[in-house]
Amino acid sequence: MKNISVIGAGTMGNGIAHAFAQNGFSVKLIDVNQAQLDKAIQTITKNLDRQVTKGTVTADEKNTALSNIKTVTELTEGVKKADLIVEAATENVELKLNIFRQLDIAAPANAILASNTSSISITKIAAVTQRPENVIGMHFMNPVPLMKLVEVINGYATKKEVTRAIVELSKTLNKVPCVVNDYPGFIANRILMPMINEAIYSLFEGIAGVEEIDTIMKLGMAHPMGPLQLADFIGLDVCLSILNVLHDGFGNPKYAPCPLLVNMVMAGKSGVKSGEGFYSYSGGSKELVVSAQFK
Ligand SMILES: NC(=O)c1ccc[n+]([C@@H]2O[C@H](COP(=O)([O-])OP(=O)(O)OC[C@H]3O[C@@H](n4cnc5c(N)ncnc54)[C@H](O)[C@@H]3O)[C@@H](O)[C@H]2O)c1
């Protein structure tokens, strides 16, 4: 594989393009929004600059990586020579199904179609194409250039050769691939989200405060970040939507989202990106400040 197309130039798309470009692949970064493409190139440049400062990448390698990325707003144009397409567009079922219908027509017949979805069924996405055996989940973690894991998700029809190819490819990106099967939440979110939900329930029931819950999990379990801070970082709206996928998919009440999480999302408090969640990010402080609501 040499030519990689990445669809969606948001948080994940720019990181995925960065990882491939830095490892010598030729990348077409595709987004419907030109401003997002421009912003993605700025972010990749800034992140590569940081790597140069740290000494993990040379200035020449930075320039080569940047020259490996071309931006495109037209999907058909962007995927016509692709060996692999990694879709990292907005987490919305209908939007993704539409993209995969288009990819099935526009991508070369033997291209592998991968999705970076956090929670949508790979089997469902694959079923709208005429090549479900070539569709797979390639779930990178945020921030992509730093995080080692790629959760590789086999859809119901994914063929073994495709899984093997994606495992080998992930290794060439210096990542560690882990293969799992396609059930709600896969593995990462099936285990992470109930933990976050339980942390929110503990707060909701008044068992402990925000700082206590996060400190217990950080110092007691050696987690780099407490579950409430992590929820803010992921986005409370994203956490809610993944919990709903688990709840609907398994029909088990243990996955029911905590009413406090539902309320916070309805109130527009979705964490870092909205300026407030369990912590407040609006005062410009570098220290974590617990949101006034929970003091
Ligand atoms: N953010 C995370 O921490 C994280 C982690 C793992 C996986 N994911 C998954 O990665 C995917 C992307 O998430 P994100 O956080 O980068 O989202 P984002 O909102 O930052 O970016 C999405 C991008 O997709 C673009 N887009 C929308 N429709 C498009 C289309 N039809 N064609 C091309 N581009 C289109 C948008 O313009 C935007 O730039 C989602 O499926 C999400 O579940 C996110």
Side-chain angles (χ1 to χ4, degrees), residues 5-19 27-44 47 71-79 82 85-107 113-122 124-125 128 135-153 170 175 178 180 182 184-193 196 225 229-246 270-274 277:
S5 298
V6 179
I7 303 181
T11 310
M12 295 305 286
N14 82 62
I16 296 167
H18 176 154
V27 178
K28 290 267 188 332
L29 181 58
I30 306 163
D31 203 290
V32 283
N33 184 344
Q34 181 63 47
Q36 280 290 90
L37 289 170
D38 298 341
K39 195 169 142 208
I41 296 298
Q42 279 172 18
T43 305
I44 296 168
N47 290 340
T71 60
V72 194
T73 50
E74 228 307 289
L75 185 122
T76 309
E77 173 61 27
V79 303
I85 294 131
V86 184
E87 173 276 318
T90 315
E91 185 81 341
N92 171 298
V93 179
E94 280 315 314
L95 186 134
K96 288 197 194 281
L97 297 183
N98 255 328
I99 289 177
F100 276 79
R101 283 189 198 102
Q102 291 176 57
L103 286 180
D104 200 23
I105 297 166
L113 312 183
S115 176
N116 183 55
T117 178
S118 306
S119 62
I120 297 168
S121 159
I122 298 301
K124 183 174 194 160
I125 291 174
V128 301
V135 178
I136 194 161
M138 203 175 181
H139 186 199
F140 290 87
M141 304 290 135
N142 184 22
V144 181
L146 297 183
M147 297 289 278
K148 282 279 187 195
L149 177 69
V150 181
E151 193 178 26
V152 176
I153 304 128
S170 303
K175 304 280 184 210
C178 282
V180 309
D182 180 31
F186 317 131
I187 287 294
N189 283 318
R190 180 171 178 167
I191 296 174
L192 175 65
M193 287 302 157
I196 285 177
M225 195 185 272
Q229 188 190 355
L230 181 58
D232 275 358
F233 179 69
I234 294 169
L236 300 189
D237 51 339
V238 175
C239 294
L240 177 60
S241 109
I242 298 173
L243 279 163
N244 282 330
V245 167
L246 290 169
S270 53
V272 177
K273 63 186 164 194
S274 75

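Indexing begins at 1, ligand by ligand and atom by atom, following the structure's order. Along the sequence shown, residues carry numbers from 1.
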Output the list of atoms in ligand 1 that are nearer than 4.0 Å to some heavy atom of [X], sorted by atom number.
| X | answer |
| --- | --- |
| Gly10 | 16 (O), 20 (O), 21 (O), 23 (C), 39 (O) |
| Thr117 | 41 (O) |
| Lys96 | 40 (C), 41 (O) |
| Asn142 | 3 (O) |
| Phe140 | 6 (C) |
| His139 | 6 (C), 7 (C) |
| Leu95 | 28 (N) |
| Ile7 | 32 (N), 33 (C) |

>> Run the side chain to side chain contact (heavy atoms under 4.5 Å, CB included) test on Cys178 and Ile187 for me, step by step, so that the C-alpha distance in whole Å, both residues' side-chain angles and the decisive distance to 0.1 Å come before the verdict.
In response: CA-CA 10 Å; Cys178 282; Ile187 287 294; over 6 Å; no

What residue and heavy atom of the protein are closest to [atom], and at what distance?
| atom | answer |
| --- | --- |
| atom 44 (C) of ligand 1 | Met12 CG, 3.3 Å |
| atom 8 (N) of ligand 1 | Ser118 OG, 3.1 Å |
| atom 11 (C) of ligand 1 | Ala89 O, 3.4 Å |
| atom 10 (O) of ligand 1 | Asn116 ND2, 2.9 Å |
| atom 41 (O) of ligand 1 | Glu91 OE1, 2.5 Å |

>> Among Leu103, Val6, Val135, exactly one meets side chain to side chain contact (heavy atoms under 4.5 Å, CB included) together with Ile85. Which residue is that?
In response: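 Single pass found, and it is Leu103.
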
> Only one of Asp31, Leu37, Val32 forms a side chain to side chain contact (heavy atoms under 4.5 Å, CB included) with Thr73, so which one is it?
Replying inline: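 Exactly one candidate clears the test, Leu37.
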
> Heavy-atom distance to atom 23 (C) of ligand 1: which of Leu75, Asp31, Leu37 wins?
Replying inline: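 Going through Leu75, Asp31, Leu37 one by one, Asp31 has the nearest heavy atom to atom 23 (C) of ligand 1.
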
>> Heavy atoms only: which of Thr90, Val32, Asn14 lies closest to atom 32 (N) of ligand 1?
In response: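 Selected option, by shortest heavy-atom distance: Val32.
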
Is the backbone N or O of [Y] less than 3.5 Å from a side-chain atom of [X], with the two atoms forming a donor-acceptor pair by type?
| X | Y | answer |
| --- | --- | --- |
| Lys96 | Ala89 | yes |
| Asn189 | Ser118 | yes |
| Glu151 | Val180 | no |
| Lys175 | Met147 | yes |
| Ser5 | Gly78 | yes |

> In Å, rounded to the nearest 0.5 Å, how long is the span from OG of Ser270 to CG of Leu240?
Replying inline: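 Ser270 OG to Leu240 CG: 11.0 Å, rounded to 0.5 Å.
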
>> I'd like to check atom 17 (O) of ligand 1 in this structure: does the protein have a heavy atom lying under 4.0 Å from it?
In response: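 Within 4.0 Å: no protein heavy atom nearby.
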
> For Asp38 and Gln42, does a side-chain donor sit closer than 3.5 Å to a side-chain acceptor?
Replying inline: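 The criterion, which ignores hydrogens and geometry beyond distance, is not satisfied for Gln42 and Asp38.
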
> Which bit of Ile99 is near ligand 1, meaning a heavy atom under 4.0 Å away: side chain, backbone, both or neither?
Replying inline: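 Answer for Ile99: side chain.
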
> So is there a nitrogen or oxygen of Asn33 less than 3.5 Å from a nitrogen or oxygen in ligand 1?
Replying inline: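 For ligand 1, there is no N or O atom that lies under 3.5 Å from one belonging to Asn33.
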
>> Tell me whether Glu87 has any N or O atom under 3.5 angstrom from an N or O of ligand 1.
In response: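 In fact, backbone or side chain, Glu87 has no N or O that close.
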
>> Working note: Thr117 + His139, criterion side chain to side chain contact (heavy atoms under 4.5 Å, CB included); need CA distance, chi angles, decisive distance, verdict.
In response: CA-CA 6 Å; Thr117 178; His139 186 199; over 6 Å; no

> Can Val93 and Lys124 be said to form a side chain to side chain contact (heavy atoms under 4.5 Å, CB included), step by step?
Replying inline: CA-CA 9 Å; Val93 179; Lys124 183 174 194 160; 4.0 Å; yes

